Engineer: 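One structure follows; several queries about it will come next.
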Amino acid sequence: MMRRSRVVSLVAMASALGMVLAAQQAGTAPEQPGYARQAPRAAKSLLLHATRAGKRIVAVGEFGHVLLSDDEGKGWRQAKSVPTTTTLTAVTFVDDKHGWAVGHGGLVLASRDGGDTWTIQTGKLEGSDSLFSVWFRDAERGMAVGPYGYAIGTGDGGKSWEQVTLAEGEDGERHLNGIFSGPQGQIFVAAEGGRVFRSGDDGRSWKLISLPYKGSIWGGMTLKDGGILVWGMRGHALLSRDGGDTWAELQTSTDQSLTGGAELDGGTLVLVGANGIMAFGAASQPFKSIVRDDRQCATAVLPAGRGFLFFYQAGVAEFVMPR
């Protein structure tokens, strides 16, 4: 069995940072017990993930904060009703109305109005255990994944959830860090130890794929041309052009851990991560990397406007791509 103490999730690290920050920041009283506070500086707090609900941007983070923007990130407002104050780690939407968020305590929340209001589907209101990532194919079928091989799935929009086993033995205890859609209906899960899991039958069975790099993989995405990109520790990013059978390293020009990625219009790839690193370029050539002056860890990135939004310890900020 793996020694669990030697593997630390980046999401857990970011959540711990959020607890330290919480002790330094004053907030307003919650409008309802157990509900996220309407805090004037919510958009400046730790945000861990973001996605689009149609044209709207939805971001989630510490204290149960759910932030919404309808103007490409220029302005933000909090969701009207979020029934938790625990850290939310990931969010996904299948259209402009139907979305899910996950977080500590194995919590799964659902929204049916574009993120304005949320209800609890499963999990605990508070807790130290986390779900790390959530994915839905449509308004009915979805999965959420977390530490030590924990995965749950639903076929009825989250009304009921069942545990999903990706592998047995030691491989079945690997941290599952990110789940995303692959080409041709596949599902991929980025995991620790240089592994990804792949399913071609809607999660009923899984194949374990070993990557050339053996460190933890934090996340991934499918590119517009069908390529599969994953990223992880020490600046490693790998690309597959054959559905995940073989992988090649990209030259990211950094050795900092990479925590988020996006593809901009025109095909430019953007990777963000620890210590203020941003790397961008094309898969066929070395990336250009820069380090932001604040050196704060970015947790997610989303195309917007003339560049992208990055989400980090101090909320969200815009980066305009150089011409």
Side-chain angles (χ1 to χ4, degrees), residues 51-52 90 92-94 132-138 140-146 149 151-155 164-172 174-233 235-252 258-271 279-287 300-303:
T51 192
R52 285 188 179 271
T92 189
F93 274 77
V94 296
F132 294 161
S133 185
V134 60
W135 162 90
F136 269 74
R137 184 180 301 285
D138 51 40
E140 300 297 325
R141 296 171 293 175
M143 283 184 62
V145 298
I152 54 175
T154 181
V164 178
T165 299
L166 274 63
E168 300 291 344
E170 183 173 306
D171 287 330
R174 296 186 183 277
H175 288 350
L176 308 178
N177 297 320
I179 183 170
F180 60 97
S181 294
Q184 300 177 346
Q186 296 170 323
I187 311 169
F188 283 81
V189 176
E192 66 172 318
R195 305 294 204 276
V196 296
F197 291 89
R198 180 181 65 191
S199 175
D201 57 7
D202 245 10
R204 289 184 291 275
S205 64
W206 295 86
K207 179 179 180 180
L208 180 64
I209 300 172
S210 296
L211 302 178
Y213 171 62
K214 301 308 178 186
S216 289
I217 302 299
W218 296 120
M221 63 180 293
T222 296
L223 306 180
K224 296 173 184 177
D225 65 3
I228 304 161
L229 178 66
V230 297
W231 52 81
M233 294 179 64
H236 286 275
L238 301 100
L239 180 66
S240 175
R241 295 292 189 188
D242 56 10
D245 290 331
T246 61
W247 299 80
E249 283 264 12
L250 301 187
Q251 300 181 57
T252 63
L258 300 169
T259 57
E263 182 179 14
L264 307 184
D265 291 340
T268 297
L269 302 178
V270 177
L271 298 169
F280 41 87
S284 59
Q285 61 190 28
F287 281 35
V301 58
L302 203 64

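Predicted model, so just to flag it, every value in this text is computed and none were measured.
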Engineer: Under a 3.5 Å distance rule, please check whether T51 uses its side chain to pair with a backbone N or O of T92 as donor and acceptor.
Structural biologist: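 No; zero donor-acceptor contacts below 3.5 Å.
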Engineer: Can you confirm whether more than 12 heavy atoms, excluding those of E168, are under 6.0 Å from its CD atom?
Structural biologist: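 Not more than 12 within 6.0 Å, no.
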Engineer: Measuring from Q285:CD to L250:CG, what's the distance to the nearest 0.5 Å?
Structural biologist: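 Q285 CD to L250 CG: 11.0 Å, rounded to 0.5 Å.
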Engineer: Check P303 against A262 and note the closest heavy-atom contact, atom names and distance.
Structural biologist: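 Of all heavy-atom pairs spanning P303 and A262, the closest is CD-CB, 3.8 Å.
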Engineer: Minimum heavy-atom separation for A191 and L176, please, with both atom names.
Structural biologist: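 Looks like CB-CD2, 4.2 Å.
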Engineer: Please find the pair of heavy atoms, one from P212 and one from L238, that lie closest to each other, and give the distance.
Structural biologist: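 Closest approach of P212 to L238: CD-CD2, 3.6 Å.
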Engineer: Before you tell me yes or no, could you show the steps for V189 and W135 under side chain to side chain contact (heavy atoms under 4.5 Å, CB included), namely the whole-Å CA-CA distance, both residues' side-chain angles and the distance that decides it to 0.1 Å?
Structural biologist: CA-CA 10 Å; V189 176; W135 162 90; over 6 Å; no
Engineer: Could you check whether the rings of F188 and W247 sit parallel, tilted or perpendicular, using 30° and 60° as the cut-offs?
Structural biologist: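 It falls in the perpendicular class, over 60°.
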Engineer: Give the minimum heavy-atom separation between R174 and G193, together with the two atoms involved.
Structural biologist: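 The pair with the smallest heavy-atom distance is NH1-CA, 3.9 Å.
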Engineer: Is the backbone N or O of I228 less than 3.5 Å from a side-chain atom of S240, with the two atoms forming a donor-acceptor pair by type?
Structural biologist: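 No, the answer is negative, given that no donor and acceptor are paired below the 3.5 Å cut-off.
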Engineer: Are there over 12 heavy-atom neighbours, none belonging to D225, within less than 6.0 Å of that residue's CG?
Structural biologist: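 Check passes, neighbour count above 12.
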Engineer: From R195 CZ over to L211 CG, what is the distance, rounded to the nearest 0.5 angstrom?
Structural biologist: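 Those atoms lie 8.5 Å apart.
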Engineer: In terms of ring plane angle, is the pair Y213 and H236 parallel, tilted or perpendicular, where the classes change at 30° and 60°?
Structural biologist: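 Parallel: the ring planes of Y213 and H236 meet at under 30°.
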Engineer: Could you report the tightest heavy-atom contact between A237 and L258, atom names first, then the distance?
Structural biologist: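 For A237 versus L258, the nearest heavy atoms are CB-CD1, 4.4 Å.
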Engineer: Do R137 side-chain atoms and I187 backbone N/O form a donor-acceptor pair below 3.5 Å?
Structural biologist: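 No; judged by distance alone, with no hydrogens or angles, the pair does not exist.
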Engineer: Minimum heavy-atom separation for N177 to I217, with atom names?
Structural biologist: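 Where N177 meets I217 most closely, the heavy atoms are ND2-O, 3.0 Å.
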Engineer: I'd like to know if the side chain of R52 reaches the main chain of L302, judged simply by a donor and an acceptor atom lying under 3.5 Å from each other, with no hydrogens or angles considered.
Structural biologist: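 No, because the side chain of R52 does not come within donor-acceptor range (under 3.5 Å) of the backbone of L302.
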Engineer: Between K224 and D265, is the side chain to side chain contact (heavy atoms under 4.5 Å, CB included) condition met? List the steps.
Structural biologist: CA-CA 10 Å; K224 296 173 184 177; D265 291 340; 3.5 Å; yes
Engineer: Hey, could you give me the CH2/CZ distance between W206 and R198, rounded to the nearest 0.5 Å?
Structural biologist: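 Answer rounded to 0.5 Å: 11.0 Å.
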Engineer: Check this for me: does any side-chain nitrogen of one of D201 and K207 sit under 4.0 Å from a carboxylate oxygen of the other?
Structural biologist: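 So D201 does not pair with K207 through a salt bridge.
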Engineer: CZ/F197 to CG/D171 distance, rounded to the nearest 0.5 angstrom?
Structural biologist: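 Those atoms lie 6.0 Å apart.
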Engineer: Is the backbone of H175 close enough, under 3.5 Å, to the side chain of E192 for a donor and an acceptor to pair up by distance?
Structural biologist: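 Side chain of E192 to backbone of H175, a donor-acceptor pair under 3.5 Å: yes, one is there.
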Engineer: Which distance, rounded to the nearest 0.5 Å, do you find between the CE of M221 and the CZ of F180?
Structural biologist: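 Between M221 CE and F180 CZ, I get 9.0 Å after rounding to 0.5 Å.
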Engineer: To the nearest 0.5 Å, what is the distance between CZ (F132) and CD1 (I179)?
Structural biologist: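 Interatomic distance, F132 CZ to I179 CD1, rounded to 0.5 Å: 13.5 Å.
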